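Shown next, in structure tokens, is the structure this report addresses.
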Amino acid sequence: MTNRHNLLSNLASEADRDISIASLFDAEPNRLSRFVMREGPLRADFSKQALDDKALDALLDLAAKCDLEEWRAKLFSGERVNTSEDRAVLHMALRGVGGTTVNQAEVSEMRQRMAAYANAIRAEGKFKNIVHIGIGGSDLGPRLVADAFEASAGQSLTLRFAENVDGASVNDAIKGLDPAETLAVVVSKSFGTQETKMNGESVRDWLGAHGGTNMIAVTANRDRAVDFGIAAENIFDFWDWVGGRYSVWSAVGLSLQIAYGPDVFGEFLDGAKAMDMHFRDQPLQENLPVMMALVGIWNRNGLGYGSQAVIPYARRLRKFSAFLQQLEMESNGKSATRDGVATTLTCPVIWGDEGTNGQHAFFQWLHQGPSEGRYGGAPVDFVAVLKDHENRPDHHAALLANCFAQSEALMLGKDEAVVREENAGRADLDALAPQKTFPGNRPSTTITLDALSPNALGHLIALYEHKTFVQGVIWNVNSFDQWGVELGKVLATTILEEMTSGNSGDHDPSTTALMGLVT
Ligand code: F6P
């Protein structure tokens, strides 16, 4: 077995003892100062994790043994850390941090071109709507950010998204719009993605006579975009050193720039830049993304949790858990190390929905449900915004109260003795009491943003990006490829061809029967 395997097994041994989160506040008087960290408008409170000083020291030791500092330096210097695709990984260069002078020059030229284009479209007034066409990393980031920008900056143009190959997606996106007033932005790093090409073709048909002028593309594969029929001057490039799920900071964010303006987009980049510099420069023990990653490693490899919930108590961050599903699970959902050795216990399932809605759905399971994790339920990241952007202070106070109450309830639980006292006299007390008992000691982190500003949003997304990188280093997986999505794409192409031609190929009986249902 590998050295890495041994290191992670040691962590599991370290975690094989009972830790009472609530007791740690007495046992460790400096707990808040060690477990609460801030960078600009973002504060993260890890003190309600089932993690004590001793465990944190073990985690920092693990990070050092996994050469985290060396990997961090390689990342920022533009070394080809995406080894299986032989590429550098430099989304931070899009925010002005790291990379070579060549990268920086490319970025600066592209930023100027994007800003000039966005300003011209906004000034001209011909377009009233943007339809952004793309999927995965070419959709989730822009969609999350568009929602969040609404808190502090209004759209000048209507922005709609078409991502799914389901015709409902494109139909909803163009519904009620006038083709003459609509700019279609086709976004695809590869320009080979089935969904995006199909939606692009359907929107081009819908644009009719305006198809030539009202459609632009964003891609790292200019030739394919030209083949698709986009005029060369209407193509905005990005580079193979920008991973799809890390690409919202590139020309992939062009629709956002047009809808909200380059200044707003610039504040977003600046927020991420501040987090980049923090991650690059702070020692590991004072480093926010490192701390967040190590807490996740503890929960996964130490306490054995198989999933991680992320609950934004902010309607305008409701896409955050979907965004993180791609960011974390496409990056680290792997069972082979960089060296090709089988590995287990890498990325947990990431899931969640907005609070307070989730309280009326899956919180029952979070509070009382089982799990393979040591203390039950699943670790939760709560995300809350301190400023009220809706001019509804009473709603906002209630929202925050719910958020804070949930993390407290998960930690404290409710003892069976208290339940028995409250229900004394009931004939069915023995059956009832365990059902109304909350075990508690369920770990959570609470992240607060001073406001849902573009700057704070940049901090938040960059935090999770760097967390993902750190975890990939510790699990020794390549966080920047995604071979696992290929097989289904190939089979879908074959099945579509066979369904279209009526010539069914060699499939298992279940798949053959399913194909036979389509007439
Ligand atoms: O789902 C696989 C994937 O390759 C993602 O990594 C990517 O973000 C998405 O498809 C879209 O790819 P593209 O931008 O090339 O259309």
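Order of appearance sets the numbers: ligands from 1, and atoms from 1 within every ligand. This is a predicted model, so every value here is computed, not measured. Count residues from 1 along the sequence.
- Under the 6.0 Å cut-off for aromatic ring centres, Phe149 and Phe265 do not qualify, their centroids lying 6.0 Å or more apart.
- Between Phe480 and Tyr246, the distance from one ring center to the other falls under 6.0 angstrom.
- Distance check, rounded to the nearest 0.5 Å: CG of Asn214 to OG1 of Thr182 gives 7.5 Å.
- Protein heavy atom nearest atom 15 (O) of ligand 1, with residue, atom name and distance: Ser190 OG, 2.6 Å.
- The residue among Gln194, Arg245, Lys489, Lys197 with a heavy atom at the shortest distance from atom 3 (C) of ligand 1 is Lys489.
- Of all atoms in ligand 1, listed by their number and element, those nearer than 4.0 Å to a heavy atom of Gln326 are 5 (C), 6 (O), 7 (C), 8 (O).
- For the pair Gly137 and ligand 1, the shortest N or O to N or O distance falls below 3.5 Å.
- Using modelled atom types and a 3.5 Å distance limit, the side chains of Asn221 and Ser190 yield no donor-acceptor pair.
- The closest protein non-hydrogen atom to atom 9 (C) of ligand 1 is Ile135 O, 3.7 Å.
- With ligand atoms numbered from 1 in the order given, ligand 1 contributes 12 (O), 13 (P), 15 (O), 16 (O) to contacts under 4.0 Å with heavy atoms of Thr193.
- Salt bridge annotation for Arg95-Asp276: present, with a cationic side-chain nitrogen under 4.0 angstrom from a carboxylate oxygen.
- In this structure, atom 6 (O) of ligand 1 lies nearest to the protein heavy atom Glu330 OE1, 2.7 Å.
- From Asn478, atom CG reaches atom CG of Asn82 across 4.5 Å, with rounding to the nearest 0.5 Å.
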